[in-house]
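A short write-up of the structure that comes next.
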Amino acid sequence: MSDDMEPTLAATRAAAESVRTANHAAYHAPRGDTGNIYDRTGALVELLGSTEQIARVLGQHADRLKDAPGLFSDDGRPDPDTYAERAAARLHSASVVLDEAASLVNAAWSELSHLGVRPDAP
């Protein structure tokens, strides 16, 4: 992480890189190990919850841009607030979808908690 990078941006970029690493590792993860799949699903629930939160907070920050003194748009639009309002609305919508995704993955996590593999199975 660069010392001059804003901490939230640095942490978000590091998280994105960690997710990419997890995606690649998943290709080689155990497929028949119910405990491992259960644990990875639980970690995804946490990840989606955190991602929902950052989308929600970013939406709040985008909404506050409307009140920024000297706000302008690069296309000369006389009402740059519109861009901030639309960005805030889209980030809010994303946070809602992420929350729904977290709920679905949480339900899957609960289903997986009932599974096991008998050690004497062929």
Side-chain angles (χ1 to χ4, degrees):
M1 171 170 78
S2 171
D3 289 338
D4 58 345
M5 187 181 296
E6 191 273 324
T8 307
L9 175 59
T12 303
R13 285 187 174 165
E17 184 57 36
S18 291
V19 169
R20 276 190 286 278
T21 301
N23 288 339
H24 291 290
Y27 289 112
H28 306 289
R31 288 179 170 78
D33 181 347
T34 57
N36 182 279
I37 294 169
Y38 174 80
D39 290 342
R40 286 188 284 141
T41 304
L44 182 57
V45 171
E46 291 179 40
L47 176 63
L48 288 168
S50 296
T51 306
E52 179 280 327
Q53 181 180 3
I54 200 163
R56 181 172 26 88
V57 171
L58 278 170
Q60 293 166 353
H61 291 185
D63 191 54
R64 287 188 211 133
L65 286 174
K66 297 181 302 188
D67 301 323
L71 185 66
F72 73 95
S73 66
D74 63 354
D75 61 2
R77 186 180 197 128
D79 57 343
D81 292 357
T82 301
Y83 287 124
E85 289 169 358
R86 287 195 313 224
R90 288 178 174 151
L91 286 162
H92 172 73
S93 294
S95 74
V96 169
V97 170
L98 287 162
D99 188 54
E100 291 170 1
S103 292
L104 288 169
V105 174
N106 191 54
W109 189 32
S110 293
E111 298 293 341
L112 289 168
S113 72
H114 299 286
L115 299 176
V117 175
R118 286 187 174 80
D120 59 346

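In what follows, residues are counted from 1 in the order of the sequence shown.
- Two residues are said to be in side-chain contact when any heavy atoms from C-beta on lie closer than 4.5 Å; D81 and L71 meet this criterion.
- Across all non-hydrogen atoms, the minimal contact from P80 to S73 is CB-N, 3.8 Å.
- Considering every non-hydrogen atom in both A10 and M5, the closest pair reads CA-SD, 3.4 Å.
- In the model, S103 has no side-chain atom that pairs as donor or acceptor with a side-chain atom of N106 under 3.5 Å.
- Cluster annotation: L98 is not connected to L104 through the hydrophobic network of ILVMFWY side chains, with a link wherever side-chain heavy atoms come within less than 4.5 Å.
- Each of V97 and L91 belongs to its own hydrophobic cluster when Ile, Leu, Val, Met, Phe, Trp and Tyr are linked at side-chain heavy-atom distances under 4.5 angstrom.
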Practice prompt. Would you check, one step at a time, whether the test side-chain contact (heavy atoms from CB on, under 4.5 Å) holds for D99 with V96?
Written response: CA-CA 5 Å; D99 188 54; V96 169; 5.7 Å; no

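- Of the options D63, V57, L58, a side chain to side chain contact (heavy atoms under 4.5 Å, CB included) to Q60 is made by V57 and by none of the others.
- Side-chain contact between D79 and T82: present, with at least one pair of heavy atoms (C-beta onward) separated by less than 4.5 Å.
- With a 6.0 Å radius and a threshold of 12 heavy atoms from other residues, nucleotides or ligands, R90 has its CZ atom at or below the threshold.
- Distance check, rounded to the nearest 0.5 Å: CZ of R40 to CG of L47 gives 14.0 Å.
- Annotation for H28 and H24: closest pair CD2-O, 3.9 Å, computed over non-hydrogen atoms.
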Item to complete: Go through the steps for E52 and R56 under the test salt bridge (Lys or Arg N to Asp or Glu O under 4.0 Å), then give the verdict.
Response: CA-CA 6 Å; E52 179 280 327; R56 181 172 26 88; 3.0 Å; yes

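- Here the CG atom belonging to L112 is positioned 5.0 Å from the OG1 atom belonging to T41, to the nearest 0.5 angstrom.
- Considering OH of Y38 and CD of E111, their distance stands at 11.5 Å, rounded to 0.5 Å.
- Between D75 and Y83, the side chains place a donor N or O and an acceptor N or O closer than 3.5 Å (distance only, hydrogens not considered).
- The heavy-atom pair separating A84 from A62 by the smallest distance is CB-O, 3.5 Å.
- Around CZ of R86, the count of heavy atoms belonging to other residues, nucleotides or ligands within 6.0 Å exceeds 12.
- Between the OG1 atom of T8 and the CD1 atom of I54 there is a distance of 6.5 Å, given to the nearest 0.5 Å.
- Cluster annotation: L115 is connected to L44 through the hydrophobic network of ILVMFWY side chains, with a link wherever side-chain heavy atoms come within less than 4.5 Å.
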